[in-house]
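In this text, all values refer to a predicted model and were calculated from it rather than measured experimentally.
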Amino acid sequence: MVTATAIADLCIFLLTWNVGTHVPRNQDLSSLLSLNGTTTCPDNQLPDIYVIGFQEVSTTPQVLKIFNDDPWVLKIADSLNDHQFVKVDSKQLQGILITMFAQHKHIPHMKEIETEATRTGLGGLWGNKGAVSIRLSLYGTGVAFVCSHLAAHDEKLKERIEDYHQIVDNHKYNAQGYRRIFDHDFVFWFGDLNFRLSGDMSAWDVRTDVENQRYADLLKLDQLNLLREKGNAFSLLEEQQPNFAPTFKFVEGTNDYNLKRRPAWCDRILHRVQSNIYPGITLSANQLSYQSHMDYTLSDHKPVSATFNYKVEAVNRTYTDEELHEMTHGSASSPATPNVSLFFAFVVFVAVSYTQL
């Protein structure tokens, strides 16, 4: 009889949003972060982990940053403050930002946390385009979260492909066995990928198809889908096809398309799992949701989120995640450098909890 023991069974929430240089101010993120009692995680529970990527974050000197944190990170931290989450890490490259929060009970199961950045815009000189990432050992497995912002405009498809390959080639980590993005057991790649529709449909014709919810017909013209089919870029990743309207380009403050650009699914979330590469271990990331958030009208993009059931199971025996870490990362790997941000956040959480007793 085959029996499976869960080493980890988590709900991971991913979000990408091009905020168009706006700061959060009075934005209420409760609905966006599924804090309003309607999550897509099993049993309507809050996610175990949030990983959030922003593009076009304001980099002007006037934007106040406290302890080097962007206002968006502080806003998320404030939104999650009452739900026992701590910040794991963040990484910013110009206007591209990734941040990760986790329920404090998962912190002991996170090791070898690293961040990385790759510049691609203007030959990599400026960093207005590119990617930032967080990788870690999560319950013994190697996981990489990559947030990217690729070249814009319909005619820049070649540049988007070049951006992708430059990120894959230049992103490098120190973790043993996980030097590159696709060495990882789990990869989650998201952001404003800026892929548009091929062909010469007018913006008005695209809007008509959108209004009639002919998404499947439009997605046959989607550049990202066509690239993945040909193997030119993103072919190692999977994507659940969007069942929501294109998320770009809107008139700010409204749900009306700005027809200076053809509507397109610029904001995407993809993933990859190497399911059965370890004897007796099964890895899976079942996608539970993929949606846009039309209520948020701050920028000309809509936020897009997805939830995944990250699961690590041992077949016919029991492993601890420490034993799995030795199997995956190697028992000879050097101890991880302490993550100061994570340690500080955890100490603050413990102190606050103590004062509330």
Side-chain angles (χ1 to χ4, degrees), residues 8-17 19 22-54 57-58 63-92 97-110 113 134 136 138-139 143 145 147 188 190 269 288-289 291-299 302-310 339-357:
D9 187 356
L10 310 179
C11 184
I12 297 178
F13 177 101
L14 305 180
L15 174 74
T16 178
W17 193 6
V19 294
H22 293 286
V23 293
R25 291 197 177 92
N26 297 322
Q27 285 282 305
D28 183 352
L29 302 185
S30 297
S31 174
L32 189 61
L33 299 176
S34 296
L35 301 175
N36 55 358
T38 56
T39 80
T40 53
C41 293
D43 300 321
N44 202 31
Q45 298 296 307
L46 286 180
D48 295 276
I49 295 171
Y50 287 89
V51 186
I52 300 169
F54 295 102
V57 167
S58 177
V63 176
L64 177 64
K65 294 188 178 183
I66 303 173
F67 302 121
N68 293 320
D69 264 337
D70 184 89
W72 281 104
V73 177
L74 297 174
K75 185 70 173 183
I76 293 166
D78 182 63
S79 300
L80 296 176
N81 185 51
D82 294 332
H83 302 280
Q84 299 188 342
F85 284 86
V86 294
K87 178 187 166 188
V88 177
D89 213 336
S90 292
K91 181 68 173 179
Q92 184 168 357
L97 169 68
I98 189 171
T99 187
M100 180 176 181
F101 288 79
Q103 292 185 24
H104 70 93
K105 65 183 179 183
H106 300 301
I107 301 305
H109 304 280
M110 297 178 172
I113 302 165
I134 299 173
L136 71 157
L138 179 61
Y139 283 88
V143 185
F145 299 96
C147 170
F188 298 93
F190 50 98
I269 300 174
L288 305 175
S289 69
Q291 59 188 321
S292 66
H293 298 265
M294 294 293 290
D295 291 344
Y296 288 83
T297 62
L298 183 71
S299 78
K302 297 301 181 184
V304 172
S305 69
T307 50
F308 292 86
N309 185 194
Y310 156 95
N339 185 289
V340 176
S341 164
L342 179 58
F343 176 76
F344 178 76
F346 186 64
V347 168
V348 170
F349 171 80
V350 172
V352 171
S353 299
Y354 178 78
T355 59
Q356 293 176 344
L357 291 177

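Thr39 places a side-chain N or O within donor-acceptor distance of the main-chain N or O of Gln45, the cut-off being under 3.5 Å. No donor-acceptor pair under 3.5 Å is formed between the side chain of Ser292 and the backbone N or O of Met294. Counting only distance, with no hydrogens or angles, the side chain of Lys75 and the backbone of Gln27 share a donor-acceptor pair below 3.5 Å. Between the Tyr296 side chain and the Pro303 main chain, no donor and acceptor come within less than 3.5 Å of each other. A distance-only check finds no donor-acceptor pair linking the side chain of Lys87 to the backbone of Thr99 [under 3.5 Å].
When all heavy atoms are compared, the tightest approach of Leu46 to Ser34 is CD2-O, 3.4 Å. Residues Gly37 and Asn44 come closest through the heavy atom pair O-ND2, 2.7 Å. Gly53 approaches Cys147 most closely through the heavy-atom pair CA-SG, 3.6 Å. In terms of heavy-atom proximity, Pro71 sits nearest to Pro24 at O-CG, 3.7 Å.
Between Ser30 and Ser79 there is no side-chain heavy-atom pair separated by less than 4.5 Å. Proximity of Val19 to Val57: side-chain heavy atoms (C-beta onward) are separated by under 4.5 Å at one or more points. You'll find the side chain of Val73 stays beyond 4.5 Å of the side chain of Gln92, heavy atoms only. Using a 4.5 Å cut-off on side-chain heavy atoms (C-beta onward), Asp89 and Met100 make no contact. When side chains are defined from C-beta on, Ile98 counts as touching Phe145, because their heavy atoms get closer than 4.5 Å. Side-chain contact between Leu10 and Leu138 is present, with at least one heavy-atom pair separated by less than 4.5 Å. A 4.5 Å side-chain heavy-atom check between Phe54 and Ile52 finds at least one atom pair inside the cut-off. With contacts defined as side-chain heavy-atom distances shorter than 4.5 Å, the pair Gln291/Ser305 qualifies.
For Ser299, the side-chain contact (heavy atoms from CB on, under 4.5 Å) partners are Trp17, His22, His301, not counting sequence neighbours. The side chain to side chain donor-acceptor pair (under 3.5 Å) test applied to His106 returns Asp48, Tyr139, not counting sequence neighbours. Among residues two or more places apart in sequence or in another chain, the ring pair (Phe, Tyr, Trp, His ring centres under 6.0 Å) test is passed with Phe190 by none. With sequence neighbours excluded, the residues that form a side chain to side chain donor-acceptor pair (under 3.5 Å) with Asn36 are Thr38. Contacts of Asp9 classified as side-chain contact (heavy atoms from CB on, under 4.5 Å), with partners at least two apart in sequence or in another chain: Asn309, Lys311. Listed by chain and number, the residues in a side chain to side chain donor-acceptor pair (under 3.5 Å) with Asp295 amount to none (sequence neighbours excluded). Legend: residues meeting ring pair (Phe, Tyr, Trp, His ring centres under 6.0 Å) with Tyr50, ordered by chain and number and at least two apart, are Phe13, Phe85. The side chain to side chain donor-acceptor pair (under 3.5 Å) search around Thr40 returns Ser289, Thr307, not counting sequence neighbours.
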Do Phe101 and Ile49 pass the side chain to side chain contact (heavy atoms under 4.5 Å, CB included) test, and can you show the C-alpha distance, the side-chain angles, and the key distance before you say yes or no?
CA-CA 6 Å; Phe101 288 79; Ile49 295 171; over 6 Å; no
Apply the test side chain to side chain contact (heavy atoms under 4.5 Å, CB included) to residues Gln103 and Gln84: give CA-CA distance (whole Å), side-chain angles for both, the deciding distance (0.1 Å), then the verdict.
CA-CA 6 Å; Gln103 292 185 24; Gln84 299 188 342; 5.9 Å; no
CA sep, side-chain torsions, deciding dist, call: Val88, Ile134, side chain to side chain contact (heavy atoms under 4.5 Å, CB included)
CA-CA 9 Å; Val88 177; Ile134 299 173; 5.5 Å; no
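A distance of 8.5 Å separates CG of Leu35 from CG of Leu29, quoted to the nearest 0.5 Å. To the nearest 0.5 angstrom, Asp70 atom CG is 7.5 Å from Leu74 atom CG. Distance check, rounded to the nearest 0.5 Å: CD1 of Ile12 to CZ of Phe308 gives 9.0 Å.
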